[in-house]
Amino acid sequence: MASRFNPRIADARWQKAWDDAQAFRADDRSPKPKSYVLEMFPYPSGRIHMGHVRNYTMGDVLARYRRMTGHEVLHPMGWDAFGMPAENAAMEKKVHPGAWTRANIDAMRTQLKALGFALDWSRELATCEPDYYGQEQALFLDLYEAGLVYRKESAVNWDPVDMTVLANEQVIDGRGWRSGALVERRKLSQWFLKITAFADELLAGLKTLDQWPDKVRLMQENWIGKSQGLQFRFALSDGEAVEVFTTRPDTIFGASFVAVATDHPLATRLAKDDPALAAFIAECRAGGTTAAEIETAEKKGYDTGLTATHPFDPDWTLPVHVANFVLMDYGTGAVFGVPAHDQRDLDFARKYGLPVRRVVSEGAETASDFAAYTAYTGPGTLVNSRFLDGMAVEAAKKAVIGRAEGEGWGKGATVWRLRDWGVSRQRYWGTPIPFIHCAACGVVPVPKADLPVKLPEDVTFDVPGNPLDRHPTWKHAACPTCGGAARRETDTLDTFVDSSWYFIRFASQPDDQPFDRAVAEQWLPVGQYIGGVEHAILHLLYARFWTRALNRIGRLAIEEPFASLFTQGMVTHETYRTAAGQWVGPDDVERTDKGATLRATGEAVTIGRVEKMSKSKKNVIDPAPILDRYGADAVRWFMLSDSPPERDLPWSEAGIEGAWRFIQRVWRLVDGVGAPGADADEALERKTHRIIAAVAEDIEALSFNKAVAKLYELTTAIEKAAPGPGRDAATRILIRLVAPMAPHLAEEAWVQLGEQGLIAAADWPAVDPAMLVDDEVTIAIQVNGKLRDKLTVAKGAPRETVEALALASENVARILDGKPPRKVIVVPDRLVNLVA
RNA sequence: GCGGACGUGGCGGAACCGGUAGACGCAGCGGACUUAAAAUCCGCUUCCCCAUGGGAGUGCGGGUUCGAGUCCCGCCGUCCGCACCA
């Protein structure tokens, strides 16, 4: 009799058994209720890291649990396989990006299989293969035909390190999201996806996503950034006009200046004949765009000498400035300044001595002068505002918009922060954009019959830039319309396009089209999506857009791709630093009671914060050796224990040891089980049923840490119970409860217990509701709200009985000292509170 | 600056609708088994005190309530997101 569970043998045995049985293959035609569980697919960097392990373990527990509760589960895996790292590897290691990527996929697939995930490998896909990206090109052409793809020249974010354009979402604090390089502005002809045409529905759709974290919904809401207000024209003293947008038309009588952005056409025009203005504009451009720089940047302006006429008073003119704090990208690139009610305008007005006039009163004050240095932006009543006087802010907004529209000089308008999605990338390792540039016919789509437009394999990476551009033949193509010599588009698609529809392709992947609508709709939307919060805006917004775009062109009747979203926390680890300030890794450090020392020299090291694992802090733990040592189940168990899944999980050696001990404890229980018998252990049976229900509830809520705690509790209870059929029966149930989390152990135990078939296909144990009701309860006895005693009484005991028992308590009698309580509160089956 | 989340033992964290705070795990302490170690098992483990009992206690200060980790008001702190968005 083996007394230890040996994962080295069991892991491989059961992984093969699942493979042989195709145990996790999803059947499109199954009559069972369908459940689509998906974790964000990985970029094939070469090795899986702890974040992957945690992410996929959570999804796996849910997928396995759903299978046990009678669902047909789709739980697929694939590879987000295009992207810059492959090109960087090509440059550094002289390997082809495709070869590098495919080798990485093979290595990572092996690692994922070694963790025993219940995945349908028959649906595996990689975005870098023509059978995937060719279908993506087809979808791109469909969107083009529908007018949702267009090309225009515009100022774009240029990453000088990656030598490519970036979307707005990919610029963080003025730096490229991958390279960290300061982004430059460049004018280029680019492909765009019309995500702004969906701004309204993407915003409204967030309200329907009640199973998404509020945080993510809020982030998307802010990103989309809807503002409603008034757009109107100011007539200028030189006979021209300038268009402005405001969300506060009510404050129009508080205006003291008009300001335009430094790159506003008006500024550009005036600068031609005004060297001082040109110099001012150049000076503003030199300023940085980082958070800190913007924070401290002084409001600066240049008085153009022009004036603008107030729309409600032909005799009232406002000076027109070019100002550094006005953004060309937002609204119309021009504003009117109301210093009393906008902080930036106030800073500006104080600096340049412009009038500061109060027009919204928070209470009694009606004087027009405004002395403070803090603008008032709250609610109130309009004052000093002619026909608006006495109105509330909201009513005044409506009144001004009404007049503007009535008199024809302005109209109510909605402005969005969201910009169209620029998808052109000047890179090789991506989906070729299926278009051809013809001198005679213009930009012509590649006919669908000619898809996929395949990436050429013979490319060089010895010089920076886009290898497709310098490929000798690839870009030369015949124009599909006139047949003349033409140039193939050499830009490729942003890899976020690839990840915008992979979940649809998982659900259905025919050879001759991107997906079969009817089949895809059976599975979609994804029932549970799990991934990191870092995709709150990027991937999750793009995928929502893509799904709605397919819906609009009649390809898919789904509006939202992910019904329920869960964002898991990171795996973290302590950091260590030597006195010299060098980061050192956990392998080189010896932890003691007092602190930590360097293993090699005994030198003391400082224990730093527990942080996200990163190469620079040297606190990365590679899952591979841990997996070799402890087996898949211990690693999986640790990933689920202790920390709530949405919070960070601090990795620790002690933690994985604890998980390993638990796996062995369960095995020892199984090892001692005899043949099924009749005698029950009433108390243990009750506990078991209570825990079946609790664990189910916890798994459904993704509260794995709580489920784990309950399983520890049950295990301890079984260990303490007297050996016999009752204990054995509880053990048989424990194994099924543990199966989603520690599946190899469970399969091994299943055999040991003499059961037939795979536990992966077994049913979740049924709960007997009668077993959930206790016939005795413990009641707390409080005096003045303080716990003084506990009583065990029959469940549902009448108030009078409980009250009498409480008063009879020795502790209570001593405290009450013979005096009757003034008041008695009885909460049935819970407590008695005696108020003295 | 704006928006959001969160503050519970030495640590990770439980605590349902306001009803016995600290489940469960880790670490620690004591013990058993062992020649010894590992493994395993048993017990203790919020703090304080005059210890079969009592007092304090969920960031701080108030409040509501018979009763507050939970609700309300005001602070403090940490983390996250956005950021000159008119």
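Residue numbers begin at 1 in each chain, while the letters A, B, ... track the order of the sequences. FYI, side chains are in, hydrogens and waters are out, and symmetry mates aren't considered; it's all heavy atoms of this structure.
When each of A:Asn833, A:Leu834, A:Val832 is checked for a side-chain contact (heavy atoms from CB on, under 4.5 Å) with A:Ile825, only A:Asn833 meets the rule.
For the P atom pair drawn from B:C41 and B:U78, the interatomic distance equals 43 Å after rounding to whole Å. Comparing B:U65 with B:C72, their C1' atoms sit 12 Å apart, to the nearest whole Å. Rounded to the nearest Å, the gap between the C1' atom of B:G13 and that of B:G7 is 13 Å. Spacing between B:G69 and B:G30 at atom C1', rounded to whole Å, works out to 33 Å. Nucleotides B:U20 and B:A68 are separated by 11 Å at their P atoms, to the nearest Å. The separation of B:G63 from B:A15, taken at their C1' atoms, amounts to 24 Å, rounded to a whole angstrom. Across the P atoms, B:A23 and B:C33 are found 30 Å apart, a figure rounded to whole Å. Look at the C1' atom in both B:U45 and B:A27: the space between them is 11 Å, to the nearest Å.
One N or O on the side chain of A:His341 and one on the backbone of A:Val360 form a donor-acceptor pair closer than 3.5 Å.
Residue A:Arg788 is classed as a sugar-phosphate contact, given heavy-atom separations below 4.0 Å to backbone atoms only. A:Lys786 comes within contact range of the sugar-phosphate backbone alone, with a heavy-atom separation under 4.0 Å but no base atom that close. If you check every strand for non-hydrogen atoms under 4.0 Å, A:Ser652 touches nothing. Counting non-hydrogen atoms under 4.0 angstrom, A:Ser641 reaches nothing in the nucleic acid. In this structure, A:Phe245 reaches the bases: a heavy-atom distance under 4.0 Å links it to at least one base atom across the strands shown. Residue A:Arg822 is classed as having no contact, given no heavy-atom separation below 4.0 Å to the nucleic acid. Looking at heavy-atom distances under 4.0 Å, A:Val326 makes contact with a base.
Separating the CD1 atom in A:Ile779 from the CG atom in A:Leu831 is a distance of 8.0 Å, to the nearest 0.5 Å.
Atom pair A:Trp651:CH2 and B:C11:C1' shows a separation of 17 Å (rounding to whole Å applied). Summarising the geometry, the separation between CG on A:Asn784 and C1' on B:U65 is reported as 13 Å, rounded to the nearest angstrom. In this structure, A:Tyr712 atom OH and B:A14 atom P are separated by 15 Å, rounded to whole Å. Atom pair A:Asp789:CG and B:G54:P shows a separation of 10 Å (rounding to whole Å applied). Computed from coordinates, the A:Asp347 CG to B:G1 P distance equals 13 Å when rounded to whole Å. One can place NZ of A:Lys710 at 9 Å from C1' of B:A23, the figure rounded to the nearest angstrom. In this structure, CG of A:Asp250 is placed 12 Å from C1' of B:A86, rounded to the nearest angstrom. Distance A:Leu218 CG to B:C2 P: 15 Å, rounded to the nearest Å.
Nearest heavy-atom pair, A:Gly333 versus A:Val326, reported as atom, atom and distance to 0.1 Å: O-CG1, 3.4 Å. Scanning all heavy atoms of the two residues, the minimum distance from A:Met741 to A:Trp637 falls at SD-CZ3, 3.7 Å.
In this structure, A:Lys226 does not reach the B:C85 phosphate: none of its side-chain N or O atoms is under 4.0 Å from OP1 or OP2.
Using a 90° window around 0 for the glycosidic torsion, B:G9 falls inside it and is classed as syn. B:C47: glycosidic angle beyond 90° from 0, hence anti.
Here salt bridge (charged side-chain N to carboxylate O under 4.0 Å, His left out) pairs that include residues 640-651 of chain A, with residues two or more places apart or in two chains, number zero.
Both A:Gln664 and A:Thr778 lie close to RNA chain B; mapped to their nearest nucleotides by heavy-atom distance, the more 5′-ward contact belongs to A:Thr778. Ranked by how close their nearest RNA chain B nucleotide is to the 5' end, A:Asp648 and A:Val835 are led by A:Asp648.
Using bins of under 30°, 30° to 60° and over 60° for the plane-to-plane angle, the ring pair A:Phe257/A:Phe348 lands in the tilted bin. Ring-plane geometry between A:Phe336 and A:Phe232 is classed as tilted, the angle between the planes lying from 30 to 60 degrees on a 0 to 90 degree scale.
Geometrically, A:Arg233 does not engage A:Trp409 in a cation-pi contact, judged by NZ or CZ lying under 6.0 Å from the ring centre and within 45° of the ring axis.
Aromatic ring centres of A:Phe638 and A:Trp660: separated by at least 6.0 Å.
The listed nucleotides are B:C41, B:C85, B:C26; the one nearest the side chain of A:Arg661 is B:C26. If you check B:A83, B:A27, B:G53 against the side chain of A:Arg814, the one that comes closest is B:G53.
With a 6.0 Å radius and a threshold of 12 heavy atoms from other residues, nucleotides or ligands, A:Glu534 has its CD atom above the threshold.
For RNA chain B, the stems formed by at least three consecutive Watson-Crick or G-U pairs, with both atom-pair distances below 3.5 Å, span B:1-7 with B:76-82, B:10-12 with B:24-26, B:28-32 with B:40-44, B:46-49 with B:53-56, B:59-63 with B:71-75.
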Pairs under 3.5 angstrom, nitrogen or oxygen only, protein versus nucleotides 15-19 of chain B, please.
{"unit_1": "B:A15", "atom_1": "OP1", "unit_2": "A:Lys706", "atom_2": "NZ", "d": "2.8"}
{"unit_1": "B:G19", "atom_1": "O2'", "unit_2": "A:Arg830", "atom_2": "NE", "d": "3.0"}

For this session: Walk me through it: do A:Thr575 and A:Asn619 pass the test side chain to side chain donor-acceptor pair (under 3.5 Å)?
Result: CA-CA 6 Å; A:Thr575 50; A:Asn619 63 339; 5.8 Å; no
